[in-house]
*Asks:* 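This is the structure, below, for whatever I ask next.
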Amino acid sequence: MIAESRRLAAVQTPVIPIVSRWIAETPGTISLGQGVVSYGPPGEAIAALNTFPASLADHRYGAVEGEPALIAAIETKLASENGIAASPDRRVVVTTGSNQAFMAALLAVADTGAEVILLAPYYFNHEMAIVMAGCRPVAVPTTRDYQLDLDGIARAITPRTAAVVTVSPNNPTGAVYPEASLRALNALCASRGIVHIHDEAYEYFTYGGARTFSPGAIPSASAHTISLFTLSKAFGMASWRIGWMVIPAALWEAVNKIQDTIAICPPLVSQHVALAAMRVGAVYPRGHLARLERIRARALATLTAADVPCDVPAPDGAFYLFARLRGRADDAMAVAERLIREHRVAVIPGSAFGTTGGCCLRVSFGALDEDAAAEGTHRLAEGLKALLR
Ligand SMILES: Cc1ncc(COP(=O)(O)O)c(C=O)c1O
């Protein structure tokens, strides 16, 4: 009998396939589970398939760091939307999605045994990657409204700390970190000689006037900041596996080794489609915002009604609500399974995101139309009332 390595045995089991199995076993379930959007790529991106392949070269390996035309489009976007200007100090590397970018960032900056600070609740794949890389995740709780606790982060830094990871807008809480907090954290990382990895997967998804800020835009940030982006959410392109990272130029040799070994290059057909999507630009994801904002408002109103036994800080971004259950529930996995089997609504148990001391659930409202989302949150509210009675 072949046993899995001890390193992998320490990694938490992915929660989405477990929830997906419960959903498949319970016909009629409305899923507020997986974090995907309800739309696909722009028509222009799909039309670009007609011009691929153009030559034999399109069947061969491409550049390790990505195709020059896509990198140029990314650099233009970063300069105009994120304030991250192209400079000799930093490089853009196209990756097979931003999960792969995160793993590459980690392997590039953290030795085995190094500590990496995550803000709890955290995105589970970040924690899994850290364990997989033989590093130690150190979870620093966020505040009651899921904002940064800068003093807590400062206290958690040790001589073994390699990096602090932030995600804004946040998965799983929807929190958007103010510019001042991200500037302070980025300066803290610089002063302690550690890397700030910032994930901007949900950059276009903000509500009620909230604004995102890219720490990579801080002039002094280029030497210690890694910024991660993806087309998966904003452009409805999760299956195409295209993201990118902005890295300090000094890390290029390390990232080159990782990317050359793991992906060799991101798929050329996906990069071709991605370029066409980027030419459509921010107007595409922004065109879906008004509908998402209506869904968010209705979901929030349903779940914050006085008789629903949970607390849900209003999120400013992404397409998640992170509900803290009141009452006697303590096993989020069990609550999530019963919500599916008894109330036909799926959410993701908060334990997967590293919540401790309380039972939480992540509600994802990006994938549904308005009526289905309203029915799903209604079932969730009724289910919680019944289960926590
Ligand atoms: C914060 C965050 N980063 C990265 C990803 C994965 O992105 P990609 O599809 O580009 O790997 C997700 C997906 O849920 C996410 O929530």
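Atoms within a ligand are numbered from 1 in the order they appear, just like the ligands themselves.
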*Asks:* So, is N171 polar-close to ligand 1, with some N/O to N/O distance under 3.5 Å?
*Replies:*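 So ligand 1 has an N or O lying under 3.5 Å from an N or O of N171.
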*Asks:* Please determine if E44 and R279 form a salt bridge, counting it only when a charged side-chain N lies under 4.0 Å from a carboxylate O.
*Replies:*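 Salt bridge absent between E44 and R279.
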*Asks:* Between K257 and E253, is there a salt bridge with N-O shorter than 4.0 Å?
*Replies:*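 Answer for the salt bridge query: no.
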*Asks:* For a salt bridge (charged side-chain N to carboxylate O under 4.0 Å, His left out) check, start with the C-alpha distance between E203 and R211, then their side-chain angles and the critical distance, and finish with the verdict.
*Replies:* CA-CA 9 Å; E203 61 174 331; R211 290 176 66 86; over 6 Å; no
*Asks:* Can you say whether the rings of F52 and H272 are parallel (under 30°), tilted (30 to 60°) or perpendicular (over 60°)?
*Replies:*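 It falls in the tilted class, 30° to 60°.
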*Asks:* I want to know whether Y39 and Y284 have ring centres closer than 6.0 Å.
*Replies:*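 For Y39 and Y284, the ring centres are under 6.0 Å apart.
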*Asks:* With a 4.5 Å heavy-atom cut-off, do L387 and E342 have their side chains touching?
*Replies:*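 A side-chain contact exists here, since the closest heavy-atom pair is under 4.5 Å.
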*Asks:* Just to be sure I read this right, does ligand 1 sit under 4.0 Å from the backbone of Y202, its side chain, both, or neither, counting only heavy atoms?
*Replies:*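 For Y202, the contact with ligand 1 is made by the side chain alone.
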*Asks:* Kindly state whether the ring of F322 and the ring of Y146 have centres lying under 6.0 angstrom apart.
*Replies:*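 Yes, close enough.
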*Asks:* Which ligand 1 atoms are under 4.0 Å away from a heavy-atom of T230?
*Replies:*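 Those qualifying, in numeric order: 8 (P), 10 (O).
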*Asks:* Any heavy atom of G97 sitting closer than 4.0 Å to ligand 1?
*Replies:*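 Yes, G97 has heavy atoms under 4.0 Å from ligand 1.
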*Asks:* Hey, mind stepping through Y202 and Y320 against ring-ring contact (aromatic ring centres under 6.0 Å, His included) and telling me if it holds?
*Replies:* CA-CA 11 Å; Y202 300 93; Y320 305 114; 5.4 Å; yes
*Asks:* Of the side chain and backbone of Q100, name the one, both, or neither that has a heavy atom under 4.0 Å from an atom of ligand 1.
*Replies:*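 No part of Q100 comes within reach of ligand 1.
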*Asks:* Just need the protein heavy atom nearest to atom 12 (C) of ligand 1, so name the residue and atom and give the distance.
*Replies:*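 Ranked first by proximity to atom 12 (C) of ligand 1 is Y123 OH, 3.2 Å.
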*Asks:* Just need the protein heavy atom nearest to atom 9 (O) of ligand 1, so name the residue and atom and give the distance.
*Replies:*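 The closest one turns out to be S232 OG, 2.6 Å.
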*Asks:* Could you check atom 13 (C) of ligand 1 against the protein and tell me its nearest heavy-atom contact, residue, atom and distance included?
*Replies:*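 Checking every protein heavy atom, the shortest distance to atom 13 (C) of ligand 1 gives K233 NZ, 2.8 Å.
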*Asks:* Which of the atoms of ligand 1 are close to V167, meaning less than 4.0 Å from one of its heavy atoms?
*Replies:*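 That gives atoms 1 (C) of ligand 1.
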*Asks:* Report the member of T95, D199, V165 with the shortest heavy-atom distance to atom 1 (C) of ligand 1.
*Replies:*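 Closest candidate by heavy-atom distance is D199.
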*Asks:* Quick one: look up the protein heavy atom nearest atom 4 (C) of ligand 1 and list residue, atom name and how far away it is.
*Replies:*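 The closest heavy atom on the protein side is S98 OG, 3.3 Å.
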*Asks:* Who's the nearest protein heavy-atom neighbour of atom 11 (O) of ligand 1, and how far?
*Replies:*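 Sorting protein heavy atoms by distance from atom 11 (O) of ligand 1 puts R241 NH2, 2.7 Å first.
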